[in-house]
There are 2 protein chains.
Amino acid sequence: MATIKDVAEKAGVTVTTVSRVLNNRGYISDATRNKVRLAMEELQYQPNEIARSLMRKRSMMLGLIVPTIAHPFFGQWAYSLETHASARGYKILLCNSRLDEAKEKDYIDMLKSNRVDGIIMGSHTIDVREYIHLGKPIVTFDRRIEAIPCVSSDNYQGGVLAAEHLAAKGCRSIAHICGNLKLDMLGNRRTEGFVDSLRKYGLEPIVVQLGADAFDPAEHEQVVGSLLSEHPEVDGLFVSSDMIAYQVMKVCAAKGIRIPEQLQLIGYDDIPISEWITPGLTTIKQPIEEMSRLAFNIIEKLIEGEGAELPLEHVLPVRLIERQTTRQPGLLG
Amino acid sequence: MATIKDVAEKAGVTVTTVSRVLNNRGYISDATRNKVRLAMEELQYQPNEIARSLMRKRSMMLGLIVPTIAHPFFGQWAYSLETHASARGYKILLCNSRLDEAKEKDYIDMLKSNRVDGIIMGSHTIDVREYIHLGKPIVTFDRRIEAIPCVSSDNYQGGVLAAEHLAAKGCRSIAHICGNLKLDMLGNRRTEGFVDSLRKYGLEPIVVQLGADAFDPAEHEQVVGSLLSEHPEVDGLFVSSDMIAYQVMKVCAAKGIRIPEQLQLIGYDDIPISEWITPGLTTIKQPIEEMSRLAFNIIEKLIEGEGAELPLEHVLPVRLIERQTTRQPGLLG
DNA sequence: ATGAAAGCGCTAACAG
DNA sequence: CTGTTAGCGCTTTCAT
């Protein structure tokens, strides 16, 4: 590939001059500017961003760590994030941590070595907590770590909404399936909100945690299966993601449990499909677009050194989307 | 951040020596090696990969261009790809082209400027075809461009399988919804295979194309809606992605069309949810894992300069997964 | 076994 | 308005 030097020689000027027209800095006569432009054209010159990054100490790269981009929620989130980032000239380095401590650490090291300007973490395990003392802008999603800014949706409120909805729909025997509560994610507050709220109604839900491998469908199915077998009396179920809700549907279909007549179901996230399938999934909608925009804005501010006055917690509202996996008003018993 | 120079000073050696222990090259006494190691520890030194890339002319970065990572198929694909890449020390730069010509070009320029070692294109528009004369390793997914290696699944066969299945299930009035055929993607062969095959049965399907904005749910819904309104006789429908199949389900639910009794439906991709929902979606499964591994292997070979003997087309088999949106054997009329 | 020096491609004073 | 020079952090001959 042509370098700035090649362009300079072809145009009969020095590299400084070429650099000037490249960056629109300082005075250049139209004549030389045109000569340089022409040389660039002819050589199909493309400035080497690696060299620029080295010089400027600014890579315009952001590290994005998610548990897995294959999960629809993180896919949408990453999409929005990348859209905002690229609109501002930032590129995204994609990392799938699989919620694995060692991998997370390796990715963080990798991102530091590659001198990304900032890191957006949608994933962190227990161990990574004390590990993040990189004097580098970070923002987390749904994970509070010390003095690191965090954007999340109102998980507690999401749990409350689900609880109130099931209670209002007449459920008496309620269960809840959530991710591993040991992972210390704000998502756990969904469970807290749900349980706290139900207790106000004098109800005590059965709570089941999924294993450490948070994205193993087979394990999920097994957990759902034994819950419904051991507790056939359950008539209301709140799960912590739409994906799990679908697995509940599968198990129910196999067991002949009708939704919502015998079991009312509420998911979390509101991924696009939830609106399309039959019965439509009642779920708690997270404001993905706002969350990703906010996360980007924060990291950009941090990079620009304007992070001082930013609050650490950014909690965005959620809302319950009522569809057909919970009973319709007319059918209320 | 500490530089190699800081380490050298702290250890009382020159940068050359530090570089040596960093790269395990040449002779170093154990004594100095340890001194250097210690200094690195104390300074929390992390080699600057940007400087290394500049020097080595090798960034260990791969550009990944997809229409949108928010689509479950590309999400899964990108996940697998990143898994293979990171296992071999490569990083992934994520680009969402939105199937927009201008954006694609910009991304390609960006990737060239950033000196990625190779590009994996899961997206290309008409215009980008002649644009790709970057003397850089590329592999495409589902898109044949001149002398560029391409991995795809057997799209034509996918169409054939769908046609045979619908015909065997007794459908007489068949329709097909596909992406924009102008986009010259191998995915179009699904339509060809489908139509060719049906004609052998003396059937002529109605073919409806989606608009240019391939991922606009509202538009999809509208297209599906008018197809089913204008052709109430349709009893078999093959759509080119599971996501569209779900929208068909929504429209059918609204119109009171029962699946599979009145309308049999086949999707494409076999995203995870398709197995869980009720009725389970009959669909054509693409071997995502193999396709991503192959794509990575090819790009790696290309980067290593061993691409000469590689064939240009890599077509992997698909298979039909029969579920409940097509009639069960026992119910055959 | 270690060091000195040049250079990767680019930017940024400082001259003139 | 343009050129000279130094340097970003690292690797790599070539000496010693």
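Order of the sequence lines sets the chain letters (A, B, ...), proteins ahead of strands, with each chain counted from 1.
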Between [N] ([atom2]) and [X] ([atom1]): distance, integer Å:
{"X": "B:Leu22", "N": "D:dC10", "atom1": "CG", "atom2": "P", "value": "8 Å"}
{"X": "A:Arg25", "N": "D:dC1", "atom1": "CZ", "atom2": "P", "value": "17 Å"}
{"X": "B:Met60", "N": "D:dT11", "atom1": "CE", "atom2": "P", "value": "14 Å"}
{"X": "B:Asn34", "N": "C:dT2", "atom1": "CG", "atom2": "P", "value": "11 Å"}

Donor-acceptor pair under 3.5 Å, A:Arg20 side chain vs D:dG3 base: yes

hbond_proxy B:Thr16 side chain to C:dA4 base (donor-acceptor, 3.5 Å cutoff): yes

Within the 4.0 Å heavy-atom criterion, would you say [X] contacts the bases, only the backbone, or no part of the nucleic acid?
{"X": "A:Ser53", "answer": "nothing"}
{"X": "A:Val13", "answer": "sugar-phosphate"}
{"X": "A:Leu54", "answer": "base"}

Nearest-nucleotide pick for B:Ile28, side chain only, options being D:dG9, C:dT2, C:dG7: C:dT2

Given D:dC1, D:dG3, D:dT11, the nucleotide with the shortest approach to the side chain of B:Ile4: D:dT11

Looking at [X], does any N or O in its side chain come under 4.0 Å of the phosphate oxygens OP1/OP2 on [N]?
{"X": "A:Ser29", "N": "D:dC1", "answer": "no"}
{"X": "B:Arg56", "N": "D:dC10", "answer": "no"}
{"X": "A:Thr3", "N": "C:dG9", "answer": "no"}
{"X": "A:Lys57", "N": "D:dG9", "answer": "yes"}

Parallel, tilted or perpendicular: ring planes of B:Trp77 versus B:Phe141, cut at 30 and 60 degrees: tilted

Residues from residues 40-52 of chain A lying under 4.0 Å of DNA chain C - heavy atoms: A:Tyr45, A:Pro47, A:Asn48, A:Ala51, A:Arg52

Given DNA chain C, 5'-ward residue of the pair B:Thr17 and A:Asn23, judged by closest heavy atom: B:Thr17

Side-chain donor-acceptor pair present, B:Glu49, A:Ser113, cut-off under 3.5 Å: no

Side chain proximity check, B:Ile108 to B:Ile65, heavy atoms < 4.5 angstrom: yes

